[in-house]
Amino acid sequence: MSDIPPGTFTVHAVDGKARLGTLHTAHGPVQTPIFMPVGTVGSVKAVAPDDLANIGAEIILGNTYHLYLRPGDELVGRRGGLHGFAAWDKPILTDSGGFQAFSLSELRKIRENGVEFRSHLDGSKHLFTPEKVVEIQRNLNSDIMMVLDECVAYGTPYDYTVKSVELTTRWALRSRAAYPECSAGNLLFAITQGGFFADLRSRSVEQLCGHDFDGFAIGGLSVGEPKNEMYDLLAHTAPLLPADKPRYLMGVGTPVDIVTGIANGVDMFDCVLPTRNARNGTLYTSQGKINIKRKEYSEDDGPLDPACSCYTCRTFSRAYLRHLQHSGEVSAFRLNSVHNLTYFLDLVRGAREAIRAGEFAAYAARVAAAYPDDGV
RNA sequence: GCGGAUGUAGCUCAGUUGGCAGAGCACCUGGUUGUGGCCCAGGGGGUCGUGGGUUCAAUCCCCAUCAUUCGCC
């Protein structure tokens with residue numbers, strides 16, 4: 001698709017710590033900073049690939065854990081990988097299943113060799129080793145594979161977190177060894193952890209960043225901690241990551257979280273917030289977050305967000321969108337998701353333009369002003 | 001016309017051996033951060049069909065009446 005080798009990451013401009021860049025993958029380039037819509041089971045919920053193309057999505061997420069359980073990574077592999085199977089020919093990043101080991105924690109056991117877990121679908125028992133997780137993601141033909149990691153809960157004690165960081169490092173190195181071809185078709189990102197201890201965050205970065213990964217993620221944030229703790233650790237950790245590789249803040253976040261991440265030098269984000277909230281009627285606009293179910297919109301004939309040019313905002317009134325949401329119509333899921341994803345992608349596109357213009361600080365301040373409750 | 005049943009929140013219904021009236025859903029307001037198409041939290045709302053009677057006290061017991069509904073003629 002491109003002559004530039006996958007894994008090539010070029011930084012074009014810097015504004016403070018914020019970076020403007022391009023990451024090349026086997027399915028084309030990604031402009032950073034970027035937001036990646038989440039499509040856990042190989043589908044961004046409620047929206048089809050042509051919607052995503054119209055929205056301007058450049059890369060989407062899939063999930064190793066979910067796709068392994070159903071329909072099975074080998075079945076997907078026989079159908080052209082996730083790209084062929086899901087009819088999405090742009091880049092795909094797959095999460096490793098490490099987070100599911102955390103969020104479905106009552107169903108799993110962490111062992112040295114990997115994560116033993118029970119399926120949330122049928123209770124069957126499975127073992128995810130670092131090597132197995134790489135193999136699954138190669139079957140899916142993911143453009144960016146994530147290593148298996150251990151995500152610890154907020155409040156996890158120091159001594160356990162120490163052991164967890166060490167385990168996550170050993171798993172990352174095993175993952176790399178299972179697929180040593182750096183900058184090959186399937187890129188491999190390491191995930192730094194360290195819970196809520198700055199020195200352990202530093203240690204995790206030191207242990208991983210000397211090795212040859214295609215990018216580095218910050219995992220384990222936004223798991224219920226107060227905002228200021230998350231922002232403190234973000235500011236501490238992001239600048240420690242290698243400047244010549246993409247940096248990915250996993251599972252984050254709100255518009256304010258994202259511009260805060262960019263301000264600290266993060267290049268990639270993913271979050272279920274725009275799609276999940278869309279299904280529940282919480283919509284992001286240039287004037288802040290609104291709940292479209294509110295009665296005050298029942299006869300509001302104006303567009304959802306006058307500053308937005310998405311299909312939903314061009315076509316429908318707030319009154320109609322409120323009606324669809326109250327009626328539980330499937331179309332509400334789609335129209336709201338189209339809008340929220342457009343907002344998040346416009347947000348990062350605006351950030352890229354601001355970085356290029358050297359005006360990112362002012363841009364971030366404008367976003368924060370629209371979301372007074374979302375910051376620290 | 002005769003006999004029975006039922007009338008309690010917007011809806012479907014609990015309930016009180018007579019003592020400040022309840023649930024689910026709906027409605028209103030929050031929340032949702034590497035997604036189990038959800039879930040969680042809070043809130044407003046009732047002359048207990050109507051009119052009498054008994055009682056310290058009636059949504060509850062008695063009488064009448066209206067409405068709905070079933071059966072029989």
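Reminder, nothing fancy here: chain letters follow the sequence lines and each chain counts from 1.
- Of the C1' atoms belonging to B:G7 and B:G49, the separation is 6 Å, rounded to the nearest Å.
- The side chain of A:His66 contributes no N or O atom lying less than 4.0 Å from OP1 or OP2 of B:U35.
- Among the protein residues, A:Arg322 comes within range of the sugar-phosphate backbone only, with heavy atoms under 4.0 Å from sugar or phosphate atoms but none that close to a base.
- On a pure distance criterion of 3.5 Å, a polar donor-acceptor pair joins the side chain of A:Thr282 and the base of B:U32.
- With B:C38, B:G31, B:U33 as the choices, the nucleotide that has an atom nearest any side-chain atom of A:Lys289 turns out to be B:G31.
- For A:Thr40 and B:U35, the shortest distance from a side-chain N or O to OP1 or OP2 is below 4.0 Å.
- Closest heavy-atom contact between A:Ser119 and A:Leu69: OG-CD1, 3.6 Å.
- Listed nucleotides B:U33, B:G34, B:C38 differ in distance to A:Asn280; the shortest reach to its side chain belongs to B:C38.
- At a threshold of 4.0 angstrom between heavy atoms, the contacts of A:Ala217 with the nucleic acid are absent.
- At B:C38, none of the side-chain N or O atoms of A:His120 fall inside 4.0 Å of OP1 or OP2 (strictly under the cut-off).
- Looking at heavy-atom distances under 4.0 Å, A:Gly220 makes contact with a base.
- Distance CG (A:Asn336) to C1' (B:U32): 15 Å, rounded to an integer number of Å.
- The shortest side-chain heavy-atom distance between A:His120 and A:His66 falls under the 4.5 Å cut-off.
- Rounded to a whole angstrom, the distance from the C1' atom of B:U8 to that of B:G3 is 26 Å.
- Side-chain atoms of A:Asp149 come within donor-acceptor range of the base of B:G34, with a qualifying N/O pair under 3.5 Å.
- With B:G36, B:U33, B:C27 as the choices, the nucleotide that has an atom nearest any side-chain atom of A:Val252 turns out to be B:U33.
- Judged by Watson-Crick or G-U wobble contacts below 3.5 Å, the nucleotide B:C2 has B:G71 as its partner.
- Note on A:Arg279: every side-chain N or O is 4.0 Å or more away from OP1 and OP2 of B:G36.
- Here the nucleotide nearest the side chain of A:Lys227, chosen from B:G34, B:U33, B:U32, is B:U33.
- A:Ser142 and A:Gln137 share no side-chain donor-acceptor pair at under 3.5 Å.
- One finds a side-chain N or O of A:Arg276 lying less than 4.0 angstrom from the OP1 or OP2 phosphate oxygen of B:U33.
- Classification of A:Lys245 and A:Asp212 as a salt-bridged pair holds, one side-chain N sitting under 4.0 Å from a carboxylate O.
- Between A:Arg334 and A:Asp51 there is a salt bridge, since a side-chain N of the basic residue sits under 4.0 Å from a carboxylate O of the acidic one.
- The C1' atoms of B:C60 and B:A21 are separated by 12 Å, rounded to the nearest whole Å.
- Going from the C1' atom of B:C72 to that of B:C11 covers 33 Å, rounded to whole Å.
- Across all strands shown, B:C20 forms no Watson-Crick or G-U wobble pair with both key distances under 3.5 Å.
- Using N1 to N3 plus N6-O4 or O6-N4 for Watson-Crick, or N1-O2 and O6-N3 for G-U wobble, each under 3.5 Å, B:A64 pairs with B:U50.
- Across all strands shown, A:Ile191 has heavy atoms under 4.0 Å from base atoms, whether or not it also approaches the sugar-phosphate.
- When both pairing distances are held under 3.5 Å, B:A58 makes no Watson-Crick or G-U pair with any nucleotide shown.
- Contact annotation: the side chain of A:Val348 approaches that of A:Ile258 to within less than 4.5 Å [non-hydrogen atoms, C-beta and beyond].
- Within 4.0 Å (heavy atoms only), A:Gln193 reaches at least one base atom of the nucleic acid.
- Between A:Val223 and A:Asn291, the residue anchored nearer the 5' end of RNA chain B, judged by the nucleotide with its closest heavy atom, is A:Asn291.
- Across B:C28, B:U35, B:U32, the shortest atom-to-atom separation from the side chain of A:Lys45 is found for B:U35.
- Pair assignment for B:U33 gives none, since no Watson-Crick or G-U wobble pairing has each distance under 3.5 Å.
- Across all strands shown, B:C28 forms a Watson-Crick or G-U wobble pair with B:G42, both key distances being under 3.5 Å.
- Of the listed nucleotides (B:G34, B:U33, B:G36), B:U33 has the atom at the smallest distance from the side chain of A:Leu273.
- The P atoms of B:U17 and B:U59 are separated by 15 Å, rounded to the nearest whole Å.
- In the interface, the side chain of A:Thr254 is not paired with the base of B:U33 through any donor and acceptor atom under 3.5 Å apart.
- Here the separation of B:G18 from B:G31, taken at their C1' atoms, is 44 Å to the nearest Å.
- Proximity of a side-chain donor or acceptor of A:His339 to a complementary backbone N or O of A:Leu304 within less than 3.5 Å is not detected.
- B:G45 and B:A67 have their P atoms separated by 32 Å, given to the nearest Å.
- Within the 4.5 Å cutoff, the side chain of A:Met250 has heavy atoms near those of the A:Asp95 side chain.
- Across B:U16 and B:G22, the matching C1' atoms stand 11 Å from one another, rounded to whole Å.
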